[in-house]
Amino acid sequence: MNGISSYEWDDWKWQLANSLKGINGLKTLLNLDTDIDTDRCDAIDGLKEVIKRYPFKVSPYYASLCRLYGLNFKNPIFKQIVPSLNEISYPPHPLSSKDPFREGELSPVPSLIHRYSDRALLLATAQCASYCRHCNRKRHWIEPSVPTLLNRRYREMAMSYLAKNKAIREVILSGGDPFMLSTESIKRILSMIRAIRHIEVIRIGTRAPVTMPMRVTKGLVAMLKKFRPVWINTHFNHPLEITREATIAIDRLLCSGLPVSNQAVLLKGVNNSYEVLKGLFTGLQAIGVRPYYLFHCDPVMGADHFRTTIKEGIDIMDRLWGKIGGLCMPFYVFDLPDAEGKAILSQNHIISRENGYIYLKGMSGNVVKWEEKGHKQATKK
Ligand code: SF4
């Protein structure tokens, strides 16, 4: 950016303070004249309505990445951050809702979601470096008081709940993006969690390596390292996001003994193709990130237009199977509405099971017959 020193650019606090926000931030990103009469500009006028319901925000870093690939919806970065009229006009799926996973109901104390018996999720903050248009918690963007761990009372209530529930062995720090908190604040939360002896593992969900990689400072990773085992889950959706800056951020985490995995979302017009997902999964493996989940786009209000068919997702994953290494292959899953948990979506490689034999589809399409109980031989059907 013109007139910005590299010192400023590399400072995550500068990035946060200079985020593009609201209608003026959007106009800056789109290179629209700020003097434009927005009341006479249909497109912007419509987007003002979208932004009222689902705000716009992007970090200067991610905005600059977006500009590299064109200011239009063919650009996968643009599509992830620029509001679309579809968010308020696309016919919603009958099961779509603001809170499809009933997180509100599964919250025994503010800022804590307890959905699976051995895991609990903590809402560290509602802030993010950029607002992703497909976000499944976009309802939080306009809630005036999302209960988060920033509130001291909620923090203490959450920790007391964790301490009392001894079946919980893993805590997921989520949000928003926990890395938007100061290193000191994250340290305070991690210290409180680590003081609970039955919590074995801490997981942190963050998109900072993608949308603001300069947040992954040496100071942050040095602090995180003290609380290992800490697993980092990040959220790359497209190979263009695997930049030099992102690679440095990932490398810092890995070199500090913090394993990194990735949860991508299958998004129409962003990554719903064999070539793009192949590039994403292999590109992630090449920088040491394990592709963990590919989510079918959640049934969340304001994101229905991003959803592909399940068939399309399964077909792409089936084509990838055998073409890229198993370490590159995430589970393709659908987080079911009504808090029903995740369903694995895959082409069934078991064709049939008859008379003690199992018939399995091989990579070339041939069917292999195998004894269920024994291991004598494999013959072609
Ligand atoms: S970073 Fe995560 S929580 Fe924040 S807007 Fe994007 S998907 Fe949602």
Side-chain angles (χ1 to χ4, degrees), residues 59 61-62 65-66 68-69 75-77 79-81 128-130 132 134-136 172 174 177-179 203-216 220-221 224 229-298 306 308 312-314 316-333 335 342 344-346:
S59 67
Y61 163 81
Y62 203 57
L65 190 62
C66 176
L68 285 179
Y69 301 105
N75 169 354
I77 314 275
K79 189 139 189 179
Q80 289 183 75
I81 51 162
C128 297
S130 301
C132 317
H134 57 277
C135 178
N136 64 14
I172 299 145
S174 183
D177 192 326
F179 281 1
R203 213 194 297 180
I204 301 179
T206 174
R207 211 178 182 208
V210 183
T211 55
M212 196 194 282
M214 44 291 284
R215 172 61 188 107
V216 185
L220 176 70
V221 294
L224 293 173
V230 175
W231 296 69
I232 307 295
N233 247 344
T234 189
H235 179 173
F236 287 86
N237 284 328
H238 196 280
L240 293 179
E241 293 170 335
I242 308 173
T243 59
R244 189 183 66 86
E245 292 88 338
T247 303
I248 292 170
I250 295 296
D251 204 48
R252 273 200 183 141
L253 293 163
L254 294 173
C255 289
S256 301
L258 303 158
V260 187
S261 18
N262 189 66
Q263 301 191 159
V265 184
L266 184 63
L267 299 169
K268 195 193 286 179
V270 174
N271 59 11
N272 59 325
S273 81
Y274 169 84
E275 290 74 21
V276 170
L277 286 185
K278 184 178 177 194
L280 175 65
F281 299 152
T282 54
L284 287 170
Q285 192 202 23
I287 61 166
V289 176
R290 169 80 162 100
Y292 166 51
Y293 279 141
L294 172 68
F295 280 102
H296 191 61
C297 187
D298 293 324
F306 278 112
T308 64
E312 183 176 1
I314 289 179
I316 297 172
M317 293 301 280
D318 205 41
R319 273 185 75 195
L320 285 168
W321 183 248
K323 304 287 188 316
I324 59 177
L327 268 182
C328 303
M329 286 292 285
F331 284 113
Y332 173 38
V333 294
D335 217 342
K342 295 180 187 71
I344 297 177
L345 304 171
S346 84

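None of the values given here were measured: they were computed from a predicted structure.
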Does any non-hydrogen side-chain atom of [Y] lie less than 4.5 Å from one of [X]?
{"X": "I204", "Y": "L224", "value": "yes"}
{"X": "H238", "Y": "L280", "value": "no"}
{"X": "M317", "Y": "M329", "value": "yes"}

For [X] versus [Y], what's the shortest heavy-atom pair and its separation?
{"X": "P209", "Y": "A246", "result": "O-CB, 3.3 Å"}
{"X": "L266", "Y": "N272", "result": "CD1-CA, 3.8 Å"}
{"X": "G205", "Y": "P178", "result": "O-CD, 3.0 Å"}
{"X": "S130", "Y": "T211", "result": "OG-CB, 3.9 Å"}
{"X": "D177", "Y": "R207", "result": "OD2-N, 2.8 Å"}
{"X": "C297", "Y": "L267", "result": "SG-CD2, 4.1 Å"}

In Å, rounded to the nearest 0.5 Å, how long is the span from [atom1] of [X] to [atom2] of [Y]?
{"X": "K79", "Y": "N271", "atom1": "NZ", "atom2": "CG", "answer": "10.5 Å"}
{"X": "S346", "Y": "I314", "atom1": "OG", "atom2": "CD1", "answer": "7.0 Å"}
{"X": "N233", "Y": "I172", "atom1": "CG", "atom2": "CD1", "answer": "8.5 Å"}
{"X": "Y62", "Y": "T243", "atom1": "OH", "atom2": "OG1", "answer": "10.0 Å"}
{"X": "L253", "Y": "I287", "atom1": "CG", "atom2": "CD1", "answer": "10.0 Å"}
{"X": "Q263", "Y": "N237", "atom1": "CD", "atom2": "CG", "answer": "10.5 Å"}

Pair T234, N262: side-chain N/O donor-acceptor within cut-off below 3.5 Å: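 Absent: no donor and acceptor within the cut-off.
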Pairs involving residues 261-293, ordered by first then second residue, that meet ring-ring contact (aromatic ring centres under 6.0 Å, His included) (sequence neighbours left out):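 For residues 261-293, and leaving out neighbouring residues, the ring-ring contact (aromatic ring centres under 6.0 Å, His included) pairs sorted by first residue read Y293-F295.
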Criterion side-chain contact (heavy atoms from CB on, under 4.5 Å) on Q285 and I324, from CA distance to verdict: CA-CA 10 Å; Q285 192 202 23; I324 59 177; over 6 Å; no
Criterion side-chain contact (heavy atoms from CB on, under 4.5 Å) on V265 and F306, from CA distance to verdict: CA-CA 10 Å; V265 184; F306 278 112; over 6 Å; no
Within 6.0 angstrom of K278 NZ, more than 12 heavy atoms from elsewhere: no
Check against side-chain contact (heavy atoms from CB on, under 4.5 Å), Y332 and H296: CA-CA 7 Å; Y332 173 38; H296 191 61; 2.8 Å; yes
R215 side chain vs F179 backbone, donor-acceptor pair below 3.5 Å: yes
Option passing side-chain contact (heavy atoms from CB on, under 4.5 Å) with R252 (candidates L258, T247, V221): V221
K268/E312 under side-chain contact (heavy atoms from CB on, under 4.5 Å): CA gap, chis, key distance, verdict: CA-CA 10 Å; K268 195 193 286 179; E312 183 176 1; 5.7 Å; no
